[in-house]
Protein chains: 2
Amino acid sequence: MVETSTVDPWHALADPTRREVFARVARGQGSVTEIARDLPVSRPAVSQHLRVLLDARLVDVRRQGRERLYQPRLSGLDGLRRELDSYWNQTLSTFKDVAEQAYEPTAAPPEGAP
Amino acid sequence: MVETSTVDPWHALADPTRREVFARVARGQGSVTEIARDLPVSRPAVSQHLRVLLDARLVDVRRQGRERLYQPRLSGLDGLRRELDSYWNQTLSTFKDVAEQAYEPTAAPPEGAP
DNA sequence: GCCATGCGTAAGTAGTAACTTACGCATGGT
DNA sequence: ACCATGCGTAAGTTACTACTTACGCATGGC
């Protein structure tokens, strides 16, 4: 097993605690113990959150002596950015359609599922 | 009560089904029944998802005859964009810090929590 | 006035997931 | 060789949440 299973980045960042863990890592690399010190949860909980963030490709690890240093990763964020941009543009486009429809309520403007 | 309670947009888009509901609405306004037709869940389920999306300021409603037309809303997306951008920039910055640290392992570069 | 359409909400249920404590393995210093 | 530090994982519990069916209210056409 090469660990092909992946995790939805949306799901990974949905949990407030886990998002704080990621925010902390994004701010600067750190060990599990360091990260857990700033948070109101136990160290194992942080470990489990980091596991999910790893599977979502939002963070990376590397050993340094006894510590495991976590740092943020662009790969997971990239997909989110693209998807969010798509929603943004579609929203603007739908605004236009609705506005046009307001002037010609009889004609049928482009809908999501014609 | 003026419904001040709000919902975390991250949480709102974390559920796959709810994200599909939003994607459908973003693609073009539609009634609940129309939206539910494309999805493998019941109409009440879609209603409940739309309620969450409303509370997250990701969609808007307006009555038109007997129907309630849902359309996407920028307000909820905007916060997500800003937060995501922040993570993106912090990640780039942390990359730089880690790279610099690799050349001078003795000095202490800027960390998240000094 | 009456029936059909469209929709929100209530109630109940099953699955998930976030946390805790306990444990075990590896690394580094002495 | 030994102990301390750092961490991941297992097991168990509790809380949440996404879904279903059933119901009730409003709007529009006849």
Side-chain angles (χ1 to χ4, degrees), chain A residues 1 3 5-25 29-56 58-71 105-106 111-113, chain B residues 1 3 5-25 29-56 58-71 105-106 111-113:
Chain A
M1 277 270 287
E3 189 59 55
S5 80
T6 183
V7 162
D8 180 16
W10 288 104
H11 167 253
L13 292 181
D15 182 72
T17 304
R18 188 159 49 229
R19 197 157 66 243
E20 273 198 64
V21 170
F22 174 72
R24 167 63 180 79
V25 173
Q29 66 170 359
S31 69
V32 178
T33 313
E34 285 171 357
I35 299 167
R37 192 170 351 194
D38 306 335
L39 295 174
V41 295
S42 69
R43 183 194 52 73
V46 172
S47 259
Q48 290 161 10
H49 284 310
L50 286 168
R51 171 107 163 93
V52 174
L53 293 172
L54 273 171
D55 289 348
L58 285 163
V59 301
D60 255 343
V61 220
R62 69 199 155 85
R63 297 210 51 123
Q64 176 165 318
R66 271 182 295 208
E67 297 182 336
R68 286 168 65 89
L69 294 182
Y70 287 85
Q71 60 175 298
T106 56
E111 286 280 331
Chain B
M1 279 271 284
E3 189 60 54
S5 82
T6 184
V7 161
D8 180 16
W10 288 103
H11 168 252
L13 291 182
D15 181 73
T17 304
R18 187 158 49 229
R19 197 157 68 243
E20 273 198 64
V21 169
F22 174 71
R24 168 61 180 80
V25 172
Q29 67 170 358
S31 69
V32 178
T33 312
E34 285 172 357
I35 299 167
R37 191 166 342 169
D38 305 336
L39 296 173
V41 294
S42 68
R43 183 194 50 76
V46 173
S47 259
Q48 289 162 10
H49 283 310
L50 286 167
R51 171 107 162 95
V52 175
L53 293 172
L54 272 171
D55 289 348
L58 285 164
V59 300
D60 256 343
V61 219
R62 69 198 155 85
R63 298 209 49 122
Q64 177 165 319
R66 273 182 292 208
E67 296 183 337
R68 288 169 62 90
L69 293 182
Y70 286 86
Q71 59 176 300
T106 56
E111 284 281 332

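Each chain gets a letter, A, B and so on, in the order its sequence line appears, and its residues count up from 1.
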How many Å lie between [atom1] on [X] and [atom2] on [N], as a whole number?
X     : N      : atom1 : atom2 : value
B:E67 : D:dA26 : CD    : C1'   : 14 Å
B:I35 : C:dG6  : CD1   : P     : 14 Å
B:R63 : C:dT5  : CZ    : C1'   : 12 Å
B:Q64 : C:dT5  : CD    : P     : 19 Å
B:R51 : D:dC19 : CZ    : C1'   : 17 Å
A:H49 : D:dG8  : NE2   : P     : 13 Å
A:R66 : D:dC3  : CZ    : C1'   : 10 Å
B:L39 : D:dC19 : CG    : P     : 10 Å

When all nucleic acid strands are considered with a 4.0 Å heavy-atom cut-off, which category describes A:R43: base, sugar-phosphate, or nothing?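 It contacts base atoms.
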Of the nucleotides [options], which one has an atom closest to the side chain of [X]?
X     : options               : answer
B:R68 : C:dG8, C:dG28, C:dA4  : C:dG8
A:S42 : C:dT21, C:dG28, C:dG6 : C:dT21
A:P44 : D:dA4, C:dT21, C:dG8  : C:dT21
A:V32 : D:dG8, C:dT20, D:dT9  : D:dG8

For the residue pair B:H11 and A:A14, what are the closest heavy atoms and their distance?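 Closest heavy-atom pair between B:H11 and A:A14: CA-CB, 4.2 Å.
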Could you tell me whether the side chain of B:T6 and the main chain of B:A56 form a donor-acceptor pair under 3.5 Å?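 A pair under 3.5 Å: no.
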Using modelled atom types only, decide if a donor and an acceptor are shared between the side chain of B:R18 and the backbone of B:A12 within a distance under 3.5 Å.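 Judged by distance alone, yes, a pair lies under 3.5 Å.
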Near DNA chain C, counting only heavy atoms under 4.0 Å, which residues of residues 9-21 of chain A show up?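 Contacts with DNA chain C under 4.0 Å: A:H11, A:D15, A:T17, A:R18.
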Check against side chain to side chain contact (heavy atoms under 4.5 Å, CB included), A:L50 and A:V32: CA-CA 8 Å; A:L50 286 168; A:V32 178; 3.9 Å; yes
Quick check on DNA chain D: between A:L50 and B:Q48, whose nearest nucleotide comes earlier from the 5' end?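 Final value for this comparison: A:L50.
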Answer whether the closest heavy-atom distance between the side chains of B:Q48 and B:V41 falls below 4.5 Å.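 No, every pair of side-chain atoms sits at 4.5 Å or beyond.
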Would you say A:Y70 places a side-chain N or O within less than 4.0 Å of OP1 or OP2 belonging to D:dG8?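 For D:dG8, OP1/OP2 do have a side-chain N/O of A:Y70 under 4.0 Å.
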